[in-house]
S.K.: 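Dumping the structure here so I can ask a few things about it.
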Amino acid sequence: MREPLYNQRFDDIYFSPEDGLAETRHVFLDGNDLPQAWRGKDHFTIVETGFGTGLNFLAAVKAFEATATDGQTLDFISFEKYPLDKDTIREGLQSWHDDIGEPLERMLAQYPLRVAGFHRIIYSAQIRLTLIFDDVNEAMPRLSIPRGVDAWFLDGFAPSKNPDMWSEALFSGIDRLSGPHSSIATFTAAGFVKRAIADIGFEVTKVRGFGRKREMITARREQAFDAVKVSQVKSVAIIGGGLAGTSCAYALKQYGIEPVIFEAGATLASGASGNMAGLYNPRFTAQRQSESDYYASAFAMAYRQMTLLQASQDIGFAPIGAMHLVNSPEKEKRYSALWENWGWHEDHLRIVNVDEASDIAGVPLEYSALFLPDSGAVSPAKLCEAYAQNIEVVLNASVIPERHGDGWRVHGRDFDAAVLTCGAGVVNMDGLEWLPVHTVRGQITKCTLTGAGFNTALCYGGYAAPLGDGEMICGSTFQKWRDDTDIAPEDDQDNIEKICAVVPSFKDSLEVVDHRAGLRVATQDHWPLIGSVPDYASWQSGDDKDHEGLYISAGHGSHGILSSLMGGFVIADILSGAPLSIGKDSAASVNPARFLERLRKKNQL
Ligand SMILES: Cc1cc2nc3c(=O)[nH]c(=O)nc-3n(C[C@H](O)[C@H](O)[C@H](O)COP(=O)(O)OP(=O)(O)OC[C@H]3O[C@@H](n4cnc5c(N)ncnc54)[C@H](O)[C@@H]3O)c2cc1C
């Protein structure tokens, strides 16, 4: 007989190795009247407490795939404070390999890095999984589910072993998020759980539990629900074919929405995104906060998506690790606070001393470092091409969307919505003059390196990364005062001097072979602009309306590889009425309207 998967922290097993899958089906599927309950519904949303091995998700996937009709979608959202690693999950579910082996491997292929926060996984064209690696009590208030929750799977360890989870915050979250016809199923029959569910208006029934368990709870509630109105968006014009535009198109396509990209240049990535290589790293803040969570989710998502894309075409994805050198007292304070506060598993983020940093990087270094083993380099130009695969692209089309009927007209064609992803094109755009955005010119330098190379990306204010074949990239300069993209030889010199100051052995070993200059777009508070475009006049009059159907993903600064992809998914969420891929506080912190709110506070609107 197999040993049950045991959790020491809660002194409890996850499920019985003999009949865990049958128990899941009895408690959570039958208990929520599934698959019957999703019949005839275009969208169905399940929220679960305690993802564990994903057994409940896999059982739901099997049932959904067997019964769903074309176009029906399932959102499965699950909280897990202590995520298991892939091997433990695989081992734990070994007993049911014949039944759920295929969906299990499919799920594990996209299982997120163990990084605290929200993780949106596109499991299939019809099923999205959102894993939230966090305490349910802290994360539940951050959920935004416009259509409401249809079914709750209250799993997790028993109330006697894990009393913290079965809290008032959990039940008030259920109250807030439940849709018009919502159901709950849970394995427990604890009296206080029954009372708490009844207190939020659910009709509770005690039914037969599984196997030797005498009772469990199911509950139903019919209640008016203020669903956010989601118009059926089918066609979207994307204005600009850089990272922001192509990643937005990529996300929309995965949500079944047809985008068309309009690009002013003769090729995709003709703006800042045309660099041959760049690093993908989050923005580092000492505290874990809404904004840093945006980048943490983006980091894990980009890692998953780039792994998938690289498997079918070369995007120059090289997760070689990034060594962020602690080369100032300020960084020492910030990085060590971050390491404590961000809640990343040590497999993905740790502080290494000088010797270990040198050892891993393969060059003598003078500083300790914050090491991200999953970080690395990618070619933004190739990434844009990969995102835009199978998407209509109109080149040499410098366009401005015009309001037309209920939608937007672009290049003589009508669309339900338009997304401004035109990089520096948003600076002083008509109607957007109020946006506090500016350009920052920069240049990267590609060199050949003779002599011993190095293994990981190095970040020290500037950055350098090995590209293979004796080549490396180093960058990049920052010039707020210039807005041209002419190549400046002194910028190459600057980039080379900076890396040689960190790795003196590179002196006289570097020869410039290529370079590229571009314009980043930065906002006043350094966070990007993602969401609906506010109508300035309406805000002035106090109505606070947006330009209906007009969205923006811009201001990605020096972190566009990560922030543009997350921005694309957030816009796809909004356009399709899907649960937000990130916390609603994170979405608010990148929403362009934040700048109007600040103006209003200062009486300057
Ligand atoms: C030197 C340098 C180094 C960098 N290094 C890194 C790095 O290592 N890691 C990282 O994450 N980020 C890095 N960045 C930042 C990153 O490149 C940007 O954040 C990102 O490319 C921005 O993408 P975008 O799509 O918003 O803008 P862009 O790439 O500029 O795309 C905007 C596109 O819109 C088009 N356009 C403009 N107006 C119109 C119009 N009216 N109609 C149609 N099309 C229009 C433009 O032609 C352009 O192709 C770097 C930037 C620079 C300049």
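Indexing begins at 1, ligand by ligand and atom by atom, following the structure's order. By convention here, the first residue in the shown sequence is residue 1.
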S.K.: Suppose I only count heavy atoms of H556 and a 4.0 Å limit; which atoms of ligand 1 are within that range?
M.R.: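 Those qualifying, in numeric order: 19 (O), 26 (O).
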
S.K.: With atoms numbered from 1 as shown, which atoms in ligand 1 lie under 4.0 angstrom from a non-hydrogen atom of S398?
M.R.: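 It comes down to these atoms of ligand 1: 41 (N), 42 (N).
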
S.K.: Do any heavy atoms of Y280 fall under 4.0 Å from ligand 1?
M.R.: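 No, Y280 has no heavy atoms under 4.0 Å from ligand 1.
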
S.K.: Closer than 4.0 angstrom, basic N to acidic O: yes or no for K446 and E471?
M.R.: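 Salt bridge: yes.
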
S.K.: Closer than 3.5 angstrom, by distance alone: can the side chain of S379 be matched with the main-chain N or O of M276 as a donor-acceptor pair?
M.R.: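 At least one qualifying donor-acceptor pair exists.
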
S.K.: May I ask you to say whether D134 pairs ionically with R288, meaning some side-chain N is under 4.0 Å from a carboxylate O?
M.R.: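 Salt bridge flag = yes for R288 with D134.
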
S.K.: With a 4.0 Å cut-off on heavy atoms, is P380 touching ligand 1?
M.R.: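 For ligand 1, residue contact (heavy atoms, under 4.0 Å) with P380 is absent.
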
S.K.: Strictly distance-based, threshold 3.5 Å: is any side-chain N or O of Q443 a donor or acceptor partner for the main-chain N or O of A488?
M.R.: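 Such a contact is found between Q443 side chain and A488 backbone.
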
S.K.: Show the atoms of ligand 1 that are less than 4.0 angstrom away from any heavy atom in F262.
M.R.: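 Taking each heavy atom of F262 in turn, ligand 1 has 43 (C), 44 (N) under 4.0 Å.
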
S.K.: Could you tell me how the ring of F284 sits relative to the ring of W342: parallel (under 30°), tilted (30 to 60°) or perpendicular (over 60°)?
M.R.: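 Aromatic pair F284/W342 classed tilted.
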
S.K.: Within a distance under 4.0 Å of any heavy atom of L279, pick out the atoms of ligand 1 and give their elements.
M.R.: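 Atoms satisfying the 4.0 Å criterion: 7 (C), 8 (O), 9 (N), 10 (C), 11 (O).
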
S.K.: Examine ligand 1 and decide if any of its atoms is less than 4.0 Å from a heavy atom belonging to A424.
M.R.: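 Distance cut 4.0 Å: A424 fails for ligand 1.
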
S.K.: Under 4.5 Å between any side-chain heavy atoms of V503 and L365, yes or no?
M.R.: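 Yes, at least one pair of side-chain atoms sits under 4.5 Å.
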
S.K.: For ligand 1, which atoms, with element, lie under 4.0 Å from some heavy atom of A244?
M.R.: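 Ligand 1 atoms under the 4.0 Å threshold to A244: 24 (P), 25 (O), 26 (O).
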
S.K.: Could you tell me whether R142 and D585 make a salt bridge, using a distance below 4.0 angstrom between a side-chain N and a carboxylate O?
M.R.: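 Salt bridge: yes.
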
S.K.: So is S270 close enough to ligand 1, meaning a heavy atom under 4.0 angstrom away?
M.R.: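 Contact present.
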
S.K.: Would you mind listing which atoms of ligand 1 come within a distance below 4.0 Å of any non-hydrogen atom of I561?
M.R.: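 Counting from 1, the qualifying ligand atoms are 9 (N), 10 (C), 11 (O).
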
S.K.: What class does the angle between the rings of W434 and Y536 fall in, given that below 30° is parallel, 30 to 60° is tilted and above 60° is perpendicular?
M.R.: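 Plane angle under 30°, so parallel.
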
S.K.: With heavy-atom distances below 4.0 Å as the criterion, list the atoms of ligand 1 near G271.
M.R.: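 Contacts of ligand 1 toward G271, numbered from 1: 29 (O), 30 (O), 48 (C), 49 (O).
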
S.K.: Check each of S273, C248, G242 against atom 23 (O) of ligand 1 and report the one with the nearest heavy atom.
M.R.: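 The residue whose heavy atom sits nearest atom 23 (O) of ligand 1 is S273.
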
S.K.: Report, in ascending order of atom number, the atoms of ligand 1 lying under 4.0 Å from any heavy atom of A397.
M.R.: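 Selected atoms, number and element: 42 (N), 43 (C).
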
S.K.: Given A381, G442, G265, which one has a non-hydrogen atom that is nearest to atom 1 (C) of ligand 1?
M.R.: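 Nearest option to atom 1 (C) of ligand 1, by heavy atoms: G442.
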
S.K.: Check the orientation of Y335 and H324. Use parallel for under 30°, tilted for 30 to 60°, and perpendicular for over 60°.
M.R.: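 Taking H324 first and then Y335, their aromatic rings stand perpendicular (interplane angle over 60°).
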
S.K.: Considering only heavy atoms, does T421 approach ligand 1 within less than 4.0 Å through its side chain, its backbone, both, or neither?
M.R.: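 Backbone only.
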
